[in-house]
There are 2 protein chains.
Amino acid sequence: MAGKRVTIRDVAISAGVSYQTVSRALNDKPEIDATTKERVLDAARELGFRPSRFARALVRQDTTSVGLVIPDLLNPFFTEVASAALEAARKRGWHVVVYDTAGDGEQELGTLEVIGSQVDAIVGYLNAPADVVARYTGGIPVVYIGRESAGASFGSIRVDGEAGIHAAVAHLVAGGRCRIGMLDHEHAAPSARSRWYLDALRSHGLSGWVLGAGQSVEGGEIGVAALLDAHPDLDGLLTYNDVIAIGAVRRARMLGRRVPQDCAVIGFDGVQIGSLVEPPLSTVRIDTRQLGALAVEQVATLLAGATPEVTTITGTLVLRGTA
Amino acid sequence: MAGKRVTIRDVAISAGVSYQTVSRALNDKPEIDATTKERVLDAARELGFRPSRFARALVRQDTTSVGLVIPDLLNPFFTEVASAALEAARKRGWHVVVYDTAGDGEQELGTLEVIGSQVDAIVGYLNAPADVVARYTGGIPVVYIGRESAGASFGSIRVDGEAGIHAAVAHLVAGGRCRIGMLDHEHAAPSARSRWYLDALRSHGLSGWVLGAGQSVEGGEIGVAALLDAHPDLDGLLTYNDVIAIGAVRRARMLGRRVPQDCAVIGFDGVQIGSLVEPPLSTVRIDTRQLGALAVEQVATLLAGATPEVTTITGTLVLRGTA
DNA sequence: ACCGGTCACGTGACCGGTCACGGAGAGTGT
DNA sequence: ACACTCTCCGTGACCGGTCACGTGACCGGT
């Protein structure tokens with residue numbers, strides 16, 4: 001039992017034929033006698049033979065698998081993207097290997113290195129700069145999700161929230177609010193979303209405050225507490241994503257703010273659970289299913305040898321309960 | 001550009017060495033001159049050479065990848081399990097290929113067939129009976145999640161919610177409730193959870209009603225509407241999972257029931273978002289991280305040749321807002 | 001009895017790498 | 001100048017399959 005792998009030749013000698021015949025039997029090739037085929041199949045079953053996927057894939061180079069790299073599968077936005085990508089990949093008969101980097105830059109690079117020799121292409125929400133990624137992945141097609149500057153050598157799905165965020169700010173201002181803050185992500189460089197926010201404020205003659213927050217409910221709770229501490233009269237809040245917004249709404253209410261009356265909140269992403277919390281979250285919605293599908297589509301074009309392109313997906317303001 | 005794949009031998013002739021030397025250079029083997037190595041690496045880079053993962057894996061049979069089959073990645077319970085499994089697999093250096101069967105039995109079998117020749121083991125929340133699964137997977141190790149009867153030839157993580165559901169019913173009864181319904185899943189066979197529910201009711205001298213519901217928020221909404229229609233004086237509700245419960249709470253409130261005053265609701269799974277909805281969902285909590293970790297662990301033991309076992313993970317009642 | 005045509009099966013090459021050898025050339029000691 | 005090591009690199013086999021051929025048995029037709 002501890003023994004070696006049972007190969008096609010073991011089956012062959014057990015059935016008293018050549019290994020080529022075994023291959024024929026297993027692959028439903030026509031040029032084989034029915035009884036022989038039966039005998040071979042029996043032998044294979046008896047020995048518990050399983051063809052090596054590597055050997056098989058080596059010769060007929062068909063199986064493609066793409067690596068999906070995301071920072072946090074527990075963030076519903078990424079879950080939705082992953083789900084959509086999975087579905088799109090299934091339609092093409094591709095396999096999707098999922099990697100969760102836990103938002104950790106080091107793990108991201110480690111993942112890219114491992115993955116680079118294990119998949120045919122990579123789709124991911126990557127933080128590392130393009131040249132670093134290129135070095136780690138060794139030249140396989142890469143499609144970025146949600147980055148502004150993708151670099152010329154990669155495919156990219158750009159998330160354009162400019163119009164959505166401008167609309168969001170305009171809505172808040174129209175509601176008479178003028179002390180509007182933002183909880184951004186925590187990375188060194190401020191996000192494009194925060195720039196859009198500042199732009200929008202400026203166009204209304206306002207200024208605001210941007211504070212970094214962890215990308216989790218708890219991060220939103222901590223962030224909003226800090227923001228309210230510094231600016232107790234905050235009457236509007238935008239967030240980097242919905243998860244942060246949900247945390248922010250919770251904590252704001254615990255701190256005695258009525259949402260949306262005292263302080264309106266608008267998230268970003270448009271995840272499903274946003275509509276389940278109380279009050280339902282207003283947000284700039286991204287079509288995650290389309291996003292996932294587009295990413296897979298780009299992989300397909302890159303794999304076919306096309307030059308990388310940038311597809312843009314646009315967020316739209318969805319007003320529910322919190323604003 | 002449209003040409004063939006660039007192999008190790010192309011690199012070899014380009015660098016003016018034998019292909020063995022190329023292999024040495026790429027794998028950081030010691031027996032190679034530094035300058036030669038550099039030259040080879042340059043040539044490889046120039047040609048855009050990428051080693052074939054299949055050829056490599058074929059000879060040193062180390063890379064293991066497990067297939068994770070789940071019915072619906074958008075259901076947060078499965079997301080949490082997947083996340084935990086991903087993390088556990090990463091620790092072992094395994095790759096995880098994720099498949100979403102969309103709760104469809106046909107797709108499940110199709111997936112198993114494809115996957116069977118693409119991964120070394122399967123972990124999954126499978127519906128098909130054991131013998132069918134065995135036929136489709138062709139004998140590779142399989143670990144079931146959340147099934148009562150696993151069959152002797154598979155590993156299995158059993159979800160034991162008996163104590164939790166009994167506690168849930170006891171709590172409802174202690175609160176003076178005696179018209180307690182349940183929204184089960186929709187499959188042909190009633191779930192173990194519904195049996196536990198009926199058992200628990202019986203032990204209190206009560207009887208109840210079980211209704212199948214789709215495993216989604218919407219399913220819960222529809223289900224509770226039907227249940228309230230048939231039994232307007234329903235004062236307690238258990239559900240197959242939290243997602244259904246969330247839908248049930250929403251619709252129940254829309255139908256004028258106060259939760260928990262008029263009708264208490266207790267879900268199952270203990271997903272994170274349960275604590276974010278309003279009111280926070282009471283539930284029978286399963287430790288999803290442990291579940292995922294245990295599944296991977298079982299795969300490891302099966303891969304090592306051990307005989308399949310059954311591990312049990314026990315749910316505990318968590319009382320929050322809805323009961 | 002001879003011949004061409006199927007049918008069933010075996011032989012050899014190949015997919016793209018890795019590994020165990022063996023051998024050439026340079027460097028040492030005497 | 002000799003043998004002897006050591007370093008560096010090439011040759012051959014192999015991993016476990018698939019595919020393009022080649023070959024022998026069997027068939028009916030003349």
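In what follows, chains are A, B, ... by sequence order, proteins preceding strands, each numbered from 1. These figures come from a predicted structure and were not determined experimentally.
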Set out, line by line, the N/O atom pairs under 3.5 Å between protein and nucleotides 10-14 of chain C.
residue : atom : partner : partner atom : Å
C:dG10  : OP1  : A:Ser18 : N            : 3.3
C:dG10  : OP2  : A:Ser18 : N            : 2.8
C:dG10  : OP2  : A:Ser18 : OG           : 2.8
C:dG10  : OP2  : A:Thr21 : OG1          : 2.4
C:dG10  : N7   : A:Arg24 : NH2          : 2.8
C:dG10  : O6   : A:Arg24 : NH1          : 3.3

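- A salt bridge is absent between B:Asp42 and B:Arg39: the closest approach of a Lys/Arg side-chain nitrogen to an acidic carboxylate oxygen does not fall below 4.0 angstrom.
- Taking atom NZ of residue A:Lys29 and atom P of nucleotide D:dG17, one finds them 14 Å apart after rounding to whole Å.
- Using a distance-only test at 3.5 Å, with no hydrogens or angles considered, a donor-acceptor pair links the side chain of B:Asp104 to the main chain of B:Glu106.
- Atom CD1 of B:Ile8 and atom P of C:dC19 are 11 Å apart (whole Å).
- Taking atom CG on B:Leu26 and atom C1' on D:dC9, their separation rounds to 15 Å, with Å as the unit.
- Across all strands shown, C:dC2 is found opposite D:dG29 as a Watson-Crick or G-U wobble partner, with both distances under 3.5 Å.
- Taking atom CD on A:Gln118 and atom P on C:dG17, their separation rounds to 14 Å, with Å as the unit.
- Candidate nucleotides C:dG17, C:dT18, D:dC19 were compared by shortest atom distance to the side chain of B:Ser23, and C:dT18 ranks first.
- Using a 4.0 Å cutoff on non-hydrogen atoms, the parts of residues 32-42 of chain A near DNA chain C are A:Ile32, A:Asp33, A:Thr36, ordered by number.
- No hydrogens or angles were tested; on distance alone, nothing pairs the side chain of A:Arg60 with the base of D:dG17 as donor and acceptor under 3.5 Å.
- When the P atom of D:dT18 is taken as reference, atom CZ of A:Arg53 falls 15 Å away, rounded to whole Å.
- No hydrogens or angles considered: a donor-acceptor pair under 3.5 Å links the side chains of A:Thr311 and A:Gln298.
- Listed pair B:Arg56 / C:dG16 fails the phosphate criterion, with no side-chain N or O lying under 4.0 Å from OP1 or OP2.
- The interatomic distance linking B:Asp28 (CG) with D:dC8 (P) rounds to 14 Å, in whole Å.
- With no hydrogens or angles considered, a side-chain donor-acceptor pair links A:Thr288 and A:Glu80 at under 3.5 Å.
- Looking only at side-chain heavy atoms (C-beta outward), B:Arg53 and A:Ser65 come within less than 4.5 Å of each other.
- The shortest side-chain heavy-atom distance between A:Thr79 and B:Leu73 falls under the 4.5 Å cut-off.
- The distance from atom CG of B:Leu291 to atom CZ of B:Arg158, rounded to the nearest 0.5 Å, is 13.0 Å.
- Between B:Tyr125 and B:Phe77, the ring planes lie perpendicular to each other; the angle is over 60°, past the 30° to 60° tilted range.
- For a distance-only test at 3.5 Å, the side chain of B:Arg50 fails to qualify as a donor-acceptor partner of the base of C:dG16.
- Using a 4.0 Å cut-off between charged nitrogen and carboxylate oxygen, B:Arg90 and A:Asp100 do not count as a salt-bridge pair.
- At whole-Å resolution of the value, CG in A:Asn27 and P in D:dG16 are 17 Å apart.
- In this structure, A:Leu47 places its CG atom 14 Å from P of D:dG16, rounding to the nearest Å.
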